[in-house]
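Since the structure comes first, as structure tokens, the remarks are kept for the end.
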There are 2 protein chains.
Amino acid sequence: MSTLAADEETRDECQALAQVLDRVGDKWTVMVVGVLSSGPQRFTTIHRSIGGVSHRMLTLALRGLERDGLVNRTVFPTIPPKVEYELTEIGRSLIDPLMTLATWGRTNRRAIDDARARFDAKAD
Amino acid sequence: MSTLAADEETRDECQALAQVLDRVGDKWTVMVVGVLSSGPQRFTTIHRSIGGVSHRMLTLALRGLERDGLVNRTVFPTIPPKVEYELTEIGRSLIDPLMTLATWGRTNRRAIDDARARFDAKAD
DNA sequence: CCGTATCCGATAGGATACTG
DNA sequence: CAGTATCCTATCGGATACGG
């Protein structure tokens with residue numbers, strides 16, 4: 001079987017999928033997961049690694065991940081303060097599904113860009 | 001290996017992933033893919049199957065998918081007009097990656113909801 | 001039946017500046 | 001260094017109505 005919403009049971013799959021996208025479908029969250037997949041990182045390190053993300057949005061993305069239990073936040077009460085973020089077990093379990101999607105993207109990027117160009121050309 | 005952005009090569013993965021989410025990360029697109037995964041459907045049928053989507057947003061979602069070559073649109077010049085949408089080969093190839101994500105969501109939904117509740121409780 | 005246009009509110013997201 | 005608050009803009013998305 002390879003359908004997502006053929007029957008009642010798979011309708012549930014769509015809901016689950018929608019919830020996942022609600023969590024990681026924003027502009028920066030998956031980037032954060034990607035950066036943290038290589039190990040614990042400090043705020044500033046993440047910030048530089050991603051590049052282009054505003055201070056504010058990175059904070060929000062990290063809060064969201066922490067709230068959902070995908071990321072652990074550890075504060076070292078030093079001066080200046082040091083805060084480390086790391087993926088939790090469940091956070092790490094998200095990497096493979098995301099990799100699957102990324103692979104699909106790399107495989108089909110060219111075809112999609114071409115289709116898009118053709119579509120836009122027809123639209124004059 | 002199980003990292004997303006450890007080195008330069010995998011940074012590319014993140015870009016690909018970001019592009020995929022740009023395409024399917026909106027509120028309704030994956031629902032449409034889900035509905036169409038069971039075969040060609042007319043506009044109104046899709047509209048009813050999803051439920052809750054506005055006429056306008058469904059049109060936009062379908063346009064986007066058509067533009068990217070994930071969906072074929074066929075117009076039957078009858079009166080009243082009949083328009084059928086179906087996944088293309090590349091569109092169907094997206095189903096499995098999405099299923100992987102959906103499965104992750106179903107598996108971890110409970111844990112995430114709990115973590116969220118705990119986080120919100122602490123925040124008073 | 002299908003598509004588009006218009007209007008409107010809600011939210012995402014950037015820039016900046018201020019605290020500890 | 002890390003987090004928060006404020007302001008402002010652009011985009012998302014719903015409701016409605018009209019055209020083919």
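These numbers come from the heavy atoms of this one structure, side chains and all, not from hydrogens, waters or symmetry mates. Letters A, B, ... mirror the listed sequences (proteins, then strands); counts begin at 1.
- Nearest to the side-chain atoms of B:Trp28 among the listed nucleotides D:dG3, C:dC2, D:dG14 stands D:dG14.
- Here D:dA2 is the nucleotide among D:dG13, D:dG3, D:dA2 with the atom lying nearest to any side-chain atom of A:Thr44.
- Comparing D:dC1, C:dC2, D:dG3 by their nearest atom to the side chain of A:Pro81 picks out D:dC1.
- The shortest distance between side-chain heavy atoms of A:Arg109 and B:Gln19 falls below 4.5 Å.
- Phosphate contact (OP1/OP2 of D:dA17, side-chain N/O of B:Arg56, threshold under 4.0 Å): absent.
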Exercise. Take A:Leu87 and A:Val71 through the test side chain to side chain contact (heavy atoms under 4.5 Å, CB included) and record every step on the way to the result.
Key: CA-CA 4 Å; A:Leu87 292 180; A:Val71 157; 3.9 Å; yes
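- The CD1 atom of A:Ile50 sits 11 Å away from the P atom of C:dG14 (whole-angstrom rounding).
- Going from atom CZ of B:Arg63 over to atom C1' of C:dA5 covers 14 Å, rounded to whole Å.
- Side-chain proximity of B:Met57 to the nucleotides D:dA2, C:dC1, D:dG13 is greatest for D:dG13.
- For the pair A:Arg73 and D:dA2, the criterion of a side-chain N or O lying under 4.0 Å from OP1 or OP2 is not met.
- Residues B:Val33 and B:Val24 fail the side-chain proximity criterion, which asks for heavy atoms closer than 4.5 Å.
- Rounded to whole Å, the distance from CG on B:Asp22 to C1' on C:dG13 is 14 Å.
- Rounded to whole Å, atom P of C:dG13 lies 12 Å from atom CG of B:Leu21.
- The nearest heavy atom of DNA chain D to B:Leu60 and to A:Arg42 marks one nucleotide each, and the one closer to the 5' end goes with A:Arg42.
- Mapping A:Thr59 and A:Pro80 onto DNA chain D by nearest heavy atom places A:Pro80 at the nucleotide closer to the 5' end.
- Here B:Tyr85 does not reach the OP1 or OP2 of C:dC1: none of its side-chain N or O atoms lies under 4.0 Å away.
- Residue B:Lys27 contributes atom NZ, which lies 11 Å from atom P of C:dA12 at whole-angstrom precision.
- The separation between A:Phe76 atom CZ and C:dG20 atom C1' is 19 Å, rounded to whole Å.
- Side-chain contact between B:Leu21 and A:Asp26 is absent, with no heavy-atom pair separated by less than 4.5 Å.
- Here the C1' atom of nucleotide C:dT4 and the CG atom of B:Leu58 are 14 Å apart, to the nearest Å.
- Here the side chain of B:Thr59 pairs a donor or acceptor atom with the backbone of B:His55 at under 3.5 angstrom.
- Comparing A:Val53 and B:Glu84 along DNA chain C, the residue whose closest nucleotide (by nearest heavy atom) sits nearer the 5' end is B:Glu84.
- When distances are taken from the side chain of B:Ser54 to each of D:dA2, D:dG14, C:dG14, the shortest belongs to D:dG14.
- One cannot find a donor-acceptor pair under 3.5 Å joining the base of C:dG14 and the side-chain atoms of A:His55.
- Distance, B:Arg48 CZ to C:dC1 C1': 11 Å, rounded to whole Å.
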